[in-house]
2 protein chains.
Amino acid sequence: MKYIDKLRNSGLRPTKQRLQICEVLFNTEKTFHFTINELEQKIKDKIDNKISLATVYNTVHAFEKKGYLKQIPINSNQTYFDTNVTDHHHFYDLKDQKLIDLENSDVGPINIKKKINGKRIKSVEVLVKLED
Amino acid sequence: MKYIDKLRNSGLRPTKQRLQICEVLFNTEKTFHFTINELEQKIKDKIDNKISLATVYNTVHAFEKKGYLKQIPINSNQTYFDTNVTDHHHFYDLKDQKLIDLENSDVGPINIKKKINGKRIKSVEVLVKLED
DNA sequence: CACTTATTTAGAACCATTATAAACTAGGAC
DNA sequence: GTCCTAGTTTATAATGGTTCTAAATAAGTG
Ligand SMILES: [Mn+2]
Ligand SMILES: [Mn+2]
Ligand SMILES: [Zn+2]
Ligand SMILES: [Zn+2]
């Protein structure tokens, strides 16, 4: 299977649950954004056995730590994750509470002129809030 | 008092609690970032009477709705607010979990080329994550 | 196989935030 | 001033996403 090596190479044992979550997360045409609840629902729809909520949380955090997922900073009571781990930006539709990808070419280069002593820039993320 | 009119003009009754919270939030040289817990502590330090936690939440949300505060999107278990309601961006120091203002001149103009049908851009916020 | 360590799991705990509903208060009418 | 009403405060409970716990299970290794 195509995810076994990916997991092994990251030091994660390729368990049945992790491989199934990989299928849901990564075996798609397009990348997508999700909350844990939405992911849980997707898992229920796609697989027959049950995966406990704790495992879903554990797996998402493990994948995030390995760089296979990233968190998107947003004001919501739920944490949003992204299967698109490339550097990119987001629209956030305030009414629908939906995220939409912005390519870097949609935003243009961002040049941070200020420097903080002893700190390095890890990421630069733009959030564009949308209203009707 | 200088905050009575501000509150009245917003349709908020100038209660003792709200005026005291105004003093803590707005009667300062510099603007600042805070969580509800940090604000609660500041209130305790500055005033003698007690203000209930529910009132702190109510007031912060009322002030946010009136545009006297804004929320900062960030991945944290606590919500961060800003007394600087002008358009500006942020550094986020991942180690210290502290926000630092970036002026617009520190970032340069951001031109969002993509359009979403029927939606208007409400805000454009840049979050620059810092590591050591 | 035996053994060790990682993982899964159900359920409890945590904790920031929101809801409740009763007491209180500001402001307007008179 | 009193009376009235809508707005506000308050202690406390409820909510709900997330994390923790500790026991059961599974993976990897020899
Ligand atoms: Mn979530
Ligand atoms: Mn908070
Ligand atoms: Zn994205
Ligand atoms: Zn700020």
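First the proteins, then the strands, lettered A, B, ... as listed; each starts at 1.
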Roughly how many Å is it from [atom1] in [X] to [atom2] in [N], rounded to a whole number?
| X | N | atom1 | atom2 | answer |
| --- | --- | --- | --- | --- |
| B/Asn77 | D/dT19 | CG | P | 9 Å |
| A/Glu40 | D/dT18 | CD | P | 11 Å |
| B/Leu19 | C/dT25 | CG | P | 15 Å |
| A/Ile4 | D/dA26 | CD1 | P | 17 Å |
| B/Ile43 | D/dT9 | CD1 | P | 11 Å |
| B/Lys65 | D/dG7 | NZ | P | 13 Å |
| A/Phe81 | D/dG17 | CZ | P | 14 Å |
| B/Leu7 | D/dT8 | CG | P | 10 Å |

Taking atom NZ of A/Lys114 as the centre, does the number of heavy atoms from other residues, nucleotides or ligands within less than 6.0 Å exceed 12?
-> yes
Would you say A/Lys113 has more than 12 foreign heavy atoms packed within less than 6.0 Å of its NZ?
-> yes
Has B/Lys2 got its NZ or CZ under 6.0 Å from the middle of the six-membered ring of B/Phe26, at an angle within 45 degrees of the ring axis?
-> no
Does NZ or CZ of B/Lys119 come closer than 6.0 Å to the centre of the six-membered ring of A/Phe91, within 45° of the ring's axis?
-> no
Per the side-chain contact (heavy atoms from CB on, under 4.5 Å) rule, which among B/Asp106, B/Asn84, B/Thr86 passes with B/Asp101?
-> B/Asn84
Contacts of B/Leu94 meeting side chain to side chain contact (heavy atoms under 4.5 Å, CB included) (sequence neighbours excluded), chain-then-number -> A/Lys122, B/Tyr92, B/Lys129
Please confirm whether the shortest side-chain N or O distance from [X] to OP1 or OP2 of [N] is below 4.0 Å.
| X | N | value |
| --- | --- | --- |
| B/Arg8 | C/dG27 | yes |
| B/Tyr57 | C/dT18 | no |
| A/His61 | D/dT18 | no |

Rounding to 10 degrees, work out the angle separating the end axes of the helix from C/dC1-D/dG30 to C/dC30-D/dG1 (five pairs an end).
-> 30°
Please list each protein N or O that sits under 3.5 Å from an N or O in nucleotides 6-11 of chain C, with the distance.
from, atom 1, to, atom 2, distance (Å)
C/dA6, O4', A/Arg13, NH1, 3.1
C/dA6, O4', A/Arg13, NH2, 3.3
C/dT7, OP1, A/Arg13, N, 3.3
C/dT7, OP1, A/Arg18, NH1, 2.6
C/dT7, OP1, A/Arg18, NH2, 3.3
C/dT7, O5', A/Arg18, NH2, 3.4
C/dT8, OP1, A/Thr15, OG1, 2.4
C/dT8, O3', A/Gln17, NE2, 2.8
C/dT9, OP1, A/Gln17, NE2, 3.1
C/dT9, OP2, A/Ser52, N, 3.2
C/dT9, OP2, A/Thr55, OG1, 2.9
C/dA10, OP2, A/Lys50, NZ, 3.2

For B/Gly108, does its backbone N or O pair with a side-chain atom of A/Asn111 as donor and acceptor, under 3.5 Å?
-> no
Note: A/Asp132-B/Arg120 ion pair, threshold 4.0 Å (strictly below) | no
Among side-chain atoms of A/Gln41 and A/Asp45, is any donor-acceptor pair under 3.5 angstrom?
-> yes
